[in-house]
Colleague: 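Supplied in structure tokens, the structure appears directly below.
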Amino acid sequence: MLPKLKLFLKGCCWPWIWGCLLLLWNTMRWEWLSCAMAKPHQMGSLDIMEKTRSVEEVDLISELPEGVLHTILSFLQFKQIVRTSVLSTRWEEVWRTYPVFTIDESVINFDMYIYLRGDCEGEDNEEMRRKTMKLYEHLERILRNRPSIQKFTIELSVFFKVPEFESFLHSCVCYAIGSNIKKMKLDFECENIPYHLPPIVLCSKSIEVLKLRGCEVELPTASNVKLPSLRKLHLFTIDCEDHVISNLFFWLSFD
Amino acid sequence: MASSSSSSSTQVKKITLKAADGKHFEVEEPVAMEMETVKSFFVGNEDAMKDMVVPLLNVSSEHMPAILDFYRNHSEFRKRTPPPPAEEVKAFNEAFLENKSDEQLMEMIMAANFLNTKELLNFLTEAAANRIKNKSVEYVRAFFGIENDFTPEEEARIRAENEWAFDGLDED
């Protein structure tokens, strides 16, 4: 009787077990296949899965694609962005390829602000002058060493009519235009002393978004306004004549 | 694993997502489609809809409810006319981040990157950036768990090159 039962079990159970195994195998294979399909990102996912368990010990963030790390940088002030270059070799690379250049309040700090306003005296003034010139030089080097610049921003509360400062901004703006940037924002909150916009900005083939505040805008004399890529134009407390506005909006109507 | 064939539901179609640790989540189709990774899974493969389980290898089940909640709310915000007041969106976003530790935030950034959703990724990366704002290099390294692989000389050189950027920092 016992051998018979064994035989019966052999006869019935084995196909059943095999069926189950086959089913399991198929589902696993299907999920395996589907996860291969659903993985648009370059990270080794199994690798990451193991690492997520000990996030505090492992540097997860640095493995993210460069674009994601650039997004993190975009929410920081420029001075801090520069500081991320010292975090690790990976972050230095991320900084070097960061396609945005900004002159904001973090760059022109309070001491410089006092100096530019002309409120420094004697030795302090000389010291600040040296410091400031060094900074201009350094910032220009940063700008010129970018492999690509997409966006150029100046965001300051005031424009200072100091020759060195003006020529520094001018040189940066012109360099940015020559680098085929897509977005430019020149924003001086206090419009009492407007920044004289280098006319070359209005001849940029690549600019798509142009935002100006607290600027004095004149049309280029030698050539006409040419902004064939312009999609968005923001003008806010601009110092200019009427025909300048109509000339600028003419380029927008093309799209 | 795949559910039985009895699920010929007439209501909103559901999609089953499987988190990294194997836990399953039944999600309404429009919410699931907020994730580009899930969407790309079904593109040109419409027949497979019903019974398929979508594995999300880089998303732990711990974060799934919050992530799904974000999608549900933000897609509703986008659809609403007139658009919701900024305070309402802000209140939701703040509540979302309220009890999240730095580690949890980091894991969610990894998840959002894997799910390939720009809105969630932007939101979380901004939150991370806010937590390291004006902090020292050492703080940021510890925050992200970045290992400093520079030699002391290399690091000193980069610091010297960018001297102005290291001025007046509080080391916390």
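Lettering follows sequence order; numbering is per chain, from 1.
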Colleague: Heavy-atom distance under 4.5 Å to chain A: side chain of B/Glu154, backbone, both or neither?
Modeller: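 Interface part for B/Glu154: neither.
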Colleague: For chain A, find which of B/Ile109, B/Leu121, B/Asn130, B/Ile132 contributes the most heavy-atom pairs closer than 4.5 angstrom.
Modeller: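 Result: the option with the highest number of such pairs is B/Ile132.
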Colleague: In the structure I gave you, are the side-chain heavy atoms of B/Val140 and A/Thr84 within less than 4.5 Å of one another anywhere?
Modeller: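 No, too far: nothing below the 4.5 Å cut-off.
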Colleague: How long is the gap from NZ on B/Lys135 to CD on A/Gln80, to the nearest 0.5 Å?
Modeller: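 So the NZ of B/Lys135 and the CD of A/Gln80 are separated by 9.5 Å.
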Colleague: Which bit of B/Asn122 is near chain A, if near means a heavy-atom gap under 4.5 Å: side chain, backbone, both or neither?
Modeller: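 For B/Asn122, heavy atoms of backbone and side chain both lie under 4.5 Å from chain A.
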Colleague: Answer yes or no: does atom NZ of B/Lys100 have more than 12 heavy-atom neighbours from other residues, nucleotides or ligands under 6.0 Å?
Modeller: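 For B/Lys100, atom NZ is crowded (more than 12 foreign heavy atoms under 6.0 Å).
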Colleague: Between atom NE2 of A/His70 and atom OG1 of B/Thr125, what is the distance when rounded to the nearest 0.5 Å?
Modeller: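 If we round to the nearest 0.5 Å, A/His70:NE2 and B/Thr125:OG1 are 13.0 Å apart.
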Colleague: Should we say atom CD of B/Glu147 is surrounded by more than 12 heavy atoms from elsewhere, each under 6.0 Å from it?
Modeller: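 No, the 6.0 Å shell around CD holds no more than 12 heavy atoms from other groups.
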Colleague: What's the spacing between B/Ile158 CD1 and A/Trp91 CH2 if we round to 0.5 Å?
Modeller: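 B/Ile158 atom CD1 to A/Trp91 atom CH2 measures 14.5 Å (nearest 0.5 Å).
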Colleague: Where do B/Ala129 and A/Ile72 come nearest, in terms of heavy atoms and distance?
Modeller: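 Looking at all heavy atoms of both residues, the shortest contact is CB-O, 3.7 Å.
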Colleague: Which atom names give the shortest non-hydrogen contact between A/Val86 and B/Arg141, and what distance separates them?
Modeller: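 Looking at all heavy atoms of both residues, the shortest contact is O-NH2, 2.8 Å.
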Colleague: Give a yes or no on this: more than 12 heavy atoms of other residues, nucleotides or ligands lie within 6.0 Å of atom CZ of A/Phe236.
Modeller: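 Atom CZ in A/Phe236 is not packed in, count stays at 12 or less.
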Colleague: Kindly compute the distance separating CE (B/Met106) from CG (A/Leu64), expressed to the nearest 0.5 Å.
Modeller: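 CG of A/Leu64 is found 10.0 Å from CE of B/Met106.
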Colleague: Looking at A/Ser85, A/Ser106, A/Ser62, which one has more heavy-atom pairs under 4.5 Å with chain B than the rest?
Modeller: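 Ranked by contacts with chain B, first place is A/Ser85.
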Colleague: Looking only at non-hydrogen atoms, find the nearest pair between B/Lys133 and A/Phe75 and report the distance.
Modeller: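 Here B/Lys133 and A/Phe75 meet closest at CE-O, 3.2 Å.
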Colleague: Could you tell me which portion of B/Glu155 (side chain, backbone, both or neither) has an atom closer than 4.5 angstrom to a non-hydrogen atom of chain A?
Modeller: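 The answer is both parts of B/Glu155.
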Colleague: Which word best sums up how the rings of B/Trp164 and A/His138 line up, parallel for under 30°, tilted for 30 to 60°, or perpendicular for over 60°?
Modeller: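 Taking A/His138 first and then B/Trp164, their aromatic rings stand perpendicular (interplane angle over 60°).
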Colleague: Using 0.5 Å steps for rounding, measure from the OG1 atom of A/Thr71 to the CD atom of B/Glu126.
Modeller: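 The distance works out to 11.0 Å.
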